[in-house]
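To find a chain, count down the sequence lines: A is the first, B the second, and so on, and within it residues start at 1. All figures in this text were calculated on a predicted structure; none of them were measured in a lab.
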2 protein chains.
Amino acid sequence: MELAEDEHTLVVALRDAGHRLTDARRAVWTALGDGDSDAHLSVDDIVERTHAQGAGVDRATAYRALGLLEELGLVRASQLDAGAPVQWERAHPDEHFHLRCTVCGDVEHHVGTLVATVREHLDAGHGFRADTVELTVHGRCARCRDH
Amino acid sequence: MELAEDEHTLVVALRDAGHRLTDARRAVWTALGDGDSDAHLSVDDIVERTHAQGAGVDRATAYRALGLLEELGLVRASQLDAGAPVQWERAHPDEHFHLRCTVCGDVEHHVGTLVATVREHLDAGHGFRADTVELTVHGRCARCRDH
DNA sequence: CTAGTTGCAAATGTTTTGCAGTCTC
DNA sequence: GAGACTGCAAAACATTTGCAACTAG
């Protein structure tokens, strides 16, 4: 049931944009949904997971699939660390941003009004129409803050 | 006068941390101060400027110098576009973030209370102690918003 | 003089691209 | 069947590193 719903999202988005549903795209999409949905996966992580699933996808193909899914608004890329490989996650309807703990390395999502606040603030006060708000905070999480 | 003050900042920071003042570091620092101080320069831009100044610095050396100056808090790196080369600017005492116009490509600085607001919000409401807040907004600036 | 720095060249790691074969629609 | 898609290998980038020569303190 969950799987079916997942696939449905993918199928519809691809077809509506005139693209084909292929094993590779399905495998990448599935890999992003595995386990905890908060996962931030590098392209290599994703490729690895597709192999574990039995439908091994090539790295180049994974890059192409992710690029397409990003265009379609199904996935989201973030550069949590400059220089490090880009990390991918399924797009979430709520705007959120990333809290990266520099001690334990954990990445949490933070959903809230903050992004909307930023957007309004800029529109009203600055005439800037925000499309995407990329907010990453590095610091120490509640567990690690006292060392 | 302005140049002398510039250099002073650099000299003091380097010496206090036990590093040497070299032509290469001075050239990189100067390159970042050239022209409009709002410039966001890639490493290649910086190298190019050092050559224009007459004190040509190697790319590897520029990377090393920037890494050091970043540690000393004199410069700041930002990844305005995932995948694109990192861009550098002199550190500014005010916390600010970047507004990137997707039409004209311009990058403006926005100084204000927003970053502090984010920081407080996370500390009070979430127990997260923020060290660095990286906020980049992509959208259309006041000039380009109406196409 | 001596350890910190530099330039050059080569290595690393990520992402992109060209192309012949494959598979979806 | 036609054109979109894939895998493989090679290319293109940004960034880092090893090392011998150089130089600031």
Side-chain angles (χ1 to χ4, degrees), chain A residues 7 10-31 40-51 53-72 74-88, chain B residues 7 10-31 40-51 53-72 74-88:
Chain A
E7 282 235 354
L10 178 65
V11 172
V12 170
L14 284 173
R15 199 189 33 212
D16 286 2
H19 296 283
R20 295 180 180 173
L21 175 63
T22 64
D23 291 345
R25 287 169 184 167
R26 197 188 347 250
V28 167
W29 180 247
T30 303
H40 293 82
L41 303 177
S42 69
V43 169
D44 276 0
D45 294 335
I46 292 168
V47 168
E48 201 179 312
R49 287 196 178 191
T50 64
H51 280 94
Q53 291 167 194
V57 169
D58 188 71
R59 206 186 268 97
T61 303
Y63 275 103
R64 287 187 273 228
L66 289 164
L68 175 61
L69 297 184
E70 185 179 33
E71 263 180 41
L72 301 181
L74 293 176
V75 303
R76 172 177 160 183
S78 17
Q79 184 103 40
L80 293 175
D81 247 328
V86 166
Q87 307 211 255
W88 298 87
Chain B
E7 282 235 354
L10 178 66
V11 172
V12 170
L14 285 173
R15 198 187 35 210
D16 286 2
H19 296 282
R20 294 180 181 171
L21 174 63
T22 63
D23 290 345
R25 287 170 183 166
R26 194 185 352 245
V28 167
W29 179 246
T30 304
H40 294 81
L41 303 177
S42 69
V43 169
D44 275 359
D45 294 335
I46 293 168
V47 168
E48 200 179 312
R49 287 195 180 191
T50 63
H51 280 95
Q53 290 166 193
V57 169
D58 187 71
R59 206 186 267 97
T61 303
Y63 275 103
R64 287 187 274 230
L66 289 164
L68 175 62
L69 297 184
E70 185 178 33
E71 262 180 42
L72 301 181
L74 293 177
V75 303
R76 172 177 163 185
S78 16
Q79 185 99 42
L80 294 176
D81 247 328
V86 166
Q87 307 210 254
W88 298 87

Query raised in the report: Run the side-chain contact (heavy atoms from CB on, under 4.5 Å) check on R15(B) and L21(B) step by step: do they pass?
Result: CA-CA 8 Å; R15(B) 198 187 35 210; L21(B) 174 63; over 6 Å; no
Query raised in the report: Going through the distances and angles, do R59(A) and V43(A) end up as a side-chain contact (heavy atoms from CB on, under 4.5 Å)?
Result: CA-CA 7 Å; R59(A) 206 186 268 97; V43(A) 169; 3.9 Å; yes
Requested in this report: Evaluate the criterion side-chain contact (heavy atoms from CB on, under 4.5 Å) for residue pair V57(A) and I46(A); output intermediate values, then yes/no.
Outcome: CA-CA 9 Å; V57(A) 169; I46(A) 292 168; over 6 Å; no
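Atom CG of D58(B) and atom P of dT5(C) are 16 Å apart (whole Å). As rounded to whole Å, 15 Å separates atom C1' of dT17(D) from atom CZ of R59(B). Rounding to whole angstrom units, NE2 of residue H19(B) and P of dA3(C) are separated by 17 Å. Atom CG in L68(B) sits about 17 Å away from atom P in dT15(D), given to the nearest Å. Between the P atom of dC25(C) and the CG atom of D23(A) lies a distance of 10 Å, rounded to the nearest Å. Distance R20(B) CZ to dC22(D) C1': 11 Å, rounded to the nearest Å. Rounding to whole angstrom units, CG of residue D81(A) and P of dG13(C) are separated by 16 Å. When rounded to the nearest whole Å, the span between CG of D16(B) and C1' of dG25(D) equals 15 Å.
Nucleic acid contact class of R25(B) (heavy atoms, under 4.0 Å, all strands): sugar-phosphate only. Counting non-hydrogen atoms under 4.0 angstrom, A24(B) reaches the backbone sugars and phosphates but no base. Among the atoms of the strands shown, only primed sugar atoms or phosphate atoms (P, OP1, OP2) are found under 4.0 Å from some heavy atom of G56(A).
With a 6.0 Å radius and a threshold of 12 heavy atoms from other residues, nucleotides or ligands, Q53(B) has its CD atom above the threshold.
Between T61(B) and dG7(C) there is a side-chain polar atom (N or O) within less than 4.0 angstrom of OP1 or OP2. Of the side-chain N and O atoms in T22(A), none sit less than 4.0 angstrom from OP1 or OP2 of dC23(C). Within the 4.0 Å cut-off from OP1 or OP2 of dT16(D), not a single side-chain nitrogen or oxygen of Y63(B) is found.
For R64(B) and dG4(C), a side-chain-to-base donor-acceptor distance below 3.5 Å is absent, hydrogens and geometry of angles not being considered.
Nearest to the side-chain atoms of A60(B) among the listed nucleotides dT5(C), dA9(C), dA14(D) stands dA9(C).
A salt bridge is defined here as a Lys NZ or Arg NE, NH1 or NH2 lying under 4.0 Å from an Asp or Glu carboxylate O, and R76(B) with E70(B) fails to meet this definition.
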